[in-house]
Trainee: 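Structure incoming, see below.
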Amino acid sequence: MDVDALVAAVRNGDVRLHELEQHADADDAAAARRRLLAEETGAELETVGAYAFDAAVAEPNIENMFGAAQVPMGIVGPIAVDGGAVDGPAHLPLATTEGALLASVNRGCAAIRAAEGATARVLKNAMTRAPVFRVSDVAEASETAAWVREHVDRLAEVAESTTSHGELRGVTPYVVGDSVFFRFAYDTKDAMGMNMATIATEAACETIEAETPAELVALSGNLCSDKKPAAINSIEGRGRTVAADALIPREVVESYFGTTPEAIAEANTRKNLVGSAKAGALGFNAHVANTVAAAFLATGQDIAQVVEGSNAITTAETRDDGLYASLTIASLEVGTVGGGTKLPTQREALDIVGVRGGGDPPGSNADALAEIITTAALAGELSLLGALASNHLASAHEELGR
Ligand SMILES: CC(C)(COP(=O)([O-])OP(=O)([O-])OC[C@H]1O[C@@H](n2cnc3c(N)ncnc32)[C@H](O)[C@@H]1OP(=O)([O-])[O-])[C@@H](O)C(=O)NCCC(=O)NCCSC(=O)C[C@@](C)(O)CC(=O)[O-]
Ligand SMILES: NC(=O)C1=CN([C@@H]2O[C@H](COP(=O)(O)OP(=O)(O)OC[C@H]3O[C@@H](n4cnc5c(N)ncnc54)[C@H](OP(=O)(O)O)[C@@H]3O)[C@@H](O)[C@H]2O)C=CC1
């Protein structure tokens, strides 16, 4: 069917709006939806329809597509970082609508370069899925937990039969009365791994049900914990746990941030540590979510997982007549294969970073991306703390953000 025929078919009730791809190619289906939406709402949809990729490639990523959300993308860097998987310098594309953000992260990157670079390491790599089972009582719960503890190797064999990349790293039981949770943790290599871990865990759950009295209630029991603020991710980690640090000489702090190491260290203690504690926050940082969200949008990550990406602690202290600062993100969930990383715009962004697709060895590209994002987020922390310490936050946003 052509676009006119698709529009008529929806109006007549012969075809439902979400079924248009069954009767036409994905671009015509999107065009028909735009026309129907425009007529229904009066909205003009020219920009949303002016996307630059073949809609068919986005079919695994979206349903009911009528266009694309185009978010401006800018660049920060070079990011000078000595990592376990990356040896800088690297550039990082960031997509955002917040004026002053790119300038700020870029300023932090410039200061890190002037300071001879940052160091970053992935400390842990474990994507989790935690199903919840029903048992009759706590005795059965204890029995089921014990069986799982004793049969992790067998569960690994079953889970890993569903994937040629994923590896089960461990299973941690949690009992609450007659509910039993098992937090499965996987090395998902270069994939963020949520589909991979979910499919693998479903297979393992079948074995648990066959061998114990437990009955599966839900494949995700929220102890995972995906896309919700949760202390378990801050403590145990989820996806990559990554740390970055840098020692910035006094003269670099003064010339780039217009303030002193002492003032930045005090702002960090009173704001990021004391203020966050008083607020009951999970993230003891200034704006790590800013860099994580912008990098996620640009590089095709699952944007809802910014929730976990903001579980981060920033430290700052004076050392060797300079400023020592570190950032540790407990749960940074990133991939360079799968999900949104396959889309054309996001592939180009990953090419800029130099980490598109599977790494050699597997997992090294996602490790490198995690180290680069964490170092950029550290740069953002330094710059915002500098702006606060020198009282430049409001003026910067008046100048660049309005
Ligand atoms: C805006 C600046 C950077 C000016 O800062 P400045 O020191 O006046 O800038 P400069 O013109 O002297 O340039 C210094 C460096 O900044 C970079 N830079 C400078 N301008 C640009 C630009 N246009 N585009 C790209 N890069 C730029 C660039 O790297 C440059 O070095 P160079 O490369 O030239 O050697 C500074 O005032 C600043 O960083 N302010 C802080 C703004 C900020 O961090 N905003 C974050 C968002 S706030 C928020 O969302 C969260 C919040 C605040 O609510 C969280 C909380 O509660 O804390
Ligand atoms: N299912 C769910 O509950 C949830 C799903 N999501 C969505 O899941 C998607 C991400 O899941 P994810 O599993 O990462 O992606 P995909 O489902 O796209 O799967 C990626 C696959 O790529 C293959 N692969 C090829 N090369 C590599 C490599 N070097 N390293 C790792 N894997 C490789 C693996 O296949 P093989 O396994 O055969 O080896 C892997 O399973 C996103 O779209 C996200 O939005 C998000 C949250 C929850």
Side-chain angles (χ1 to χ4, degrees), residues 26 51-62 68 71 73-79 81-95 120-122 124-127 160 162-169 186-200 238-242 244 291-306 308-309 329 331-377:
Y51 52 88
F53 57 90
D54 183 351
V57 301
E59 281 194 74
N61 298 89
I62 188 87
V71 181
M73 201 182 320
I75 194 79
V76 297
I79 301 168
V81 54
D82 168 17
V86 67
D87 198 6
H91 284 90
L92 181 65
L94 298 177
R121 293 288 185 275
V122 172
K124 191 173 175 185
N125 174 11
M127 177 46 75
E160 289 171 13
T162 66
T163 167
S164 54
H165 286 85
E167 290 170 17
L168 183 65
R169 286 281 175 89
Y186 299 87
D187 178 350
T188 57
K189 308 296 176 187
D190 291 304
M192 177 275 278
M194 207 52 289
N195 279 339
M196 184 201 281
T198 303
I199 293 164
R238 187 168 198 260
R240 261 90 177 163
T241 302
V242 202
T291 307
V292 170
F296 274 26
L297 260 184
T299 62
Q301 311 304 318
D302 189 326
I303 199 71
Q305 291 178 328
V306 173
E308 288 90 291
I329 306 183
S331 39
L332 188 64
E333 295 151 350
V334 291
T336 58
V337 302
T341 68
K342 289 181 291 191
L343 290 168
T345 308
Q346 289 74 7
R347 284 162 66 102
E348 289 173 15
L350 287 166
D351 274 337
I352 292 172
V353 189
V355 294
R356 170 152 70 91
D360 181 16
S364 56
N365 272 358
D367 280 348
L369 180 60
E371 289 173 350
I372 290 165
I373 292 174
T374 304
T375 307

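All residue numbers in this chain count up from 1 along the given sequence. Everything quoted here is computed from the prediction, not taken from an experiment.
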Trainee: Mind checking side chain to side chain contact (heavy atoms under 4.5 Å, CB included) for P78 and listing every partner two or more places apart, or none if nothing turns up?
Mentor: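 Only P89, H91, R113 meet the side chain to side chain contact (heavy atoms under 4.5 Å, CB included) criterion with P78.
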
Trainee: Please answer whether the main-chain N or O of G339 pairs with a side-chain N or O of N61 as donor and acceptor at a distance below 3.5 Å.
Mentor: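 Yes.
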
Trainee: Kindly give the heavy-atom pair with the smallest separation between A370 and V122, and that separation in Å.
Mentor: CB-CG2, 4.3 Å

Trainee: Please enumerate all residues that pass side-chain hydrogen bond (donor to acceptor under 3.5 Å, both in side chains) together with T374, with sequence neighbours excluded.
Mentor: none

Trainee: If you round to the nearest 0.5 Å, how far is CG of L343 from CD1 of I62?
Mentor: 9.5 Å

Trainee: My understanding is that only residues two or more places apart in sequence, or in another chain, count here; which of them pass salt bridge (Lys or Arg N to Asp or Glu O under 4.0 Å) with E160?
Mentor: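 Listed in chain order: nothing, the list is empty.
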
Trainee: Let me check something: any side-chain donor-acceptor pairs from residues 346-355 under 3.5 Å, sequence neighbours excluded? List them with distances.
Mentor:
unit_1 : atom_1 : unit_2 : atom_2 : d
D351   : OD1    : R356   : NE     : 3.0
D351   : OD2    : R356   : NE     : 3.2
D351   : OD2    : R356   : NH2    : 3.3

Trainee: Which residues satisfy the side chain to side chain contact (heavy atoms under 4.5 Å, CB included) test with T198, sequence neighbours excluded?
Mentor: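 Checked T198 against side chain to side chain contact (heavy atoms under 4.5 Å, CB included); matches are R129, M194, L219.
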
Trainee: Just to verify, what does T375 make a side-chain hydrogen bond (donor to acceptor under 3.5 Å, both in side chains) with, not counting sequence neighbours?
Mentor: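 With sequence neighbours excluded, T375 shows a side-chain hydrogen bond (donor to acceptor under 3.5 Å, both in side chains) to no residue whatsoever.
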
Trainee: Taking atom CD of Q301 and atom CD1 of I373, what is their separation to the nearest 0.5 Å?
Mentor: 6.0 Å

Trainee: Could you grab the distance from atom OG1 of T188 to atom CZ of R169, nearest 0.5 Å is fine?
Mentor: 9.5 Å

Trainee: Locate the shortest heavy-atom distance separating A376 from L92; write the atom from each residue and the value.
Mentor: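 Shortest heavy-atom contact: CB-CD2, 3.7 Å.
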
Trainee: Grab the two heavy atoms, one from I372 and one from A90, that are nearest each other, plus how far apart they are.
Mentor: CD1-CB, 3.7 Å

Trainee: Under the side-chain hydrogen bond (donor to acceptor under 3.5 Å, both in side chains) test, which residues partner T241, sequence neighbours left out?
Mentor: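 With sequence neighbours excluded, T241 shows a side-chain hydrogen bond (donor to acceptor under 3.5 Å, both in side chains) to no residue whatsoever.
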
Trainee: Is the backbone N or O of G357 less than 3.5 Å from a side-chain atom of T336, with the two atoms forming a donor-acceptor pair by type?
Mentor: yes

Trainee: Between atom CG of L94 and atom CG of L297, what is the distance when rounded to the nearest 0.5 Å?
Mentor: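 One finds 10.0 Å between CG of L94 and CG of L297.
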
Trainee: Checking N125 against D187: is there a side-chain donor and acceptor pair closer than 3.5 Å?
Mentor: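 There is such a pair (donor and acceptor under 3.5 Å, judged by atom type) between the side chains of D187 and N125.
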
Trainee: If I take atom CD from residue E333 and atom CD from residue E308, how far apart are they, to the nearest 0.5 angstrom?
Mentor: 4.0 Å

Trainee: State which residues pass side-chain hydrogen bond (donor to acceptor under 3.5 Å, both in side chains) with D367; sequence neighbours excluded, sorted by chain then number.
Mentor: R240

Trainee: Walk me through whether Y186 and E167 qualify under side-chain contact (heavy atoms from CB on, under 4.5 Å).
Mentor: CA-CA 5 Å; Y186 299 87; E167 290 170 17; over 6 Å; no

Trainee: Which residues satisfy the side chain to side chain contact (heavy atoms under 4.5 Å, CB included) test with P344, sequence neighbours excluded?
Mentor: F53, V57

Trainee: Are Q305 and M192 close enough, and set up right, to give a side-chain contact (heavy atoms from CB on, under 4.5 Å), and what steps lead you there?
Mentor: CA-CA 10 Å; Q305 291 178 328; M192 177 275 278; 3.4 Å; yes

Trainee: Apply side chain to side chain contact (heavy atoms under 4.5 Å, CB included) to R121 and list each qualifying residue two or more places apart in sequence or on a separate chain.
Mentor: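 Testing R121 for side chain to side chain contact (heavy atoms under 4.5 Å, CB included), a comparison that skips the adjacent residues, returns D82, T119, L123.
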
Trainee: Check S364 against A85 and note the closest heavy-atom contact, atom names and distance.
Mentor: O-CB, 3.6 Å

Trainee: Provide the closest heavy-atom pair for D302 versus F296 in the form atom of the first, atom of the second, distance.
Mentor: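 The pair with the smallest heavy-atom distance is O-CD2, 3.6 Å.
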
Trainee: Is there a donor-acceptor pair under 3.5 Å between the side chain of E371 and the backbone N or O of G83?
Mentor: no

Trainee: Which heavy atom in D190 sits nearest to a heavy atom in G363, and how many Å separate them?
Mentor: OD2-N, 2.9 Å

Trainee: Rounded to the nearest 0.5 Å, how far does NZ of K124 lie from CG of L332?
Mentor: 14.5 Å

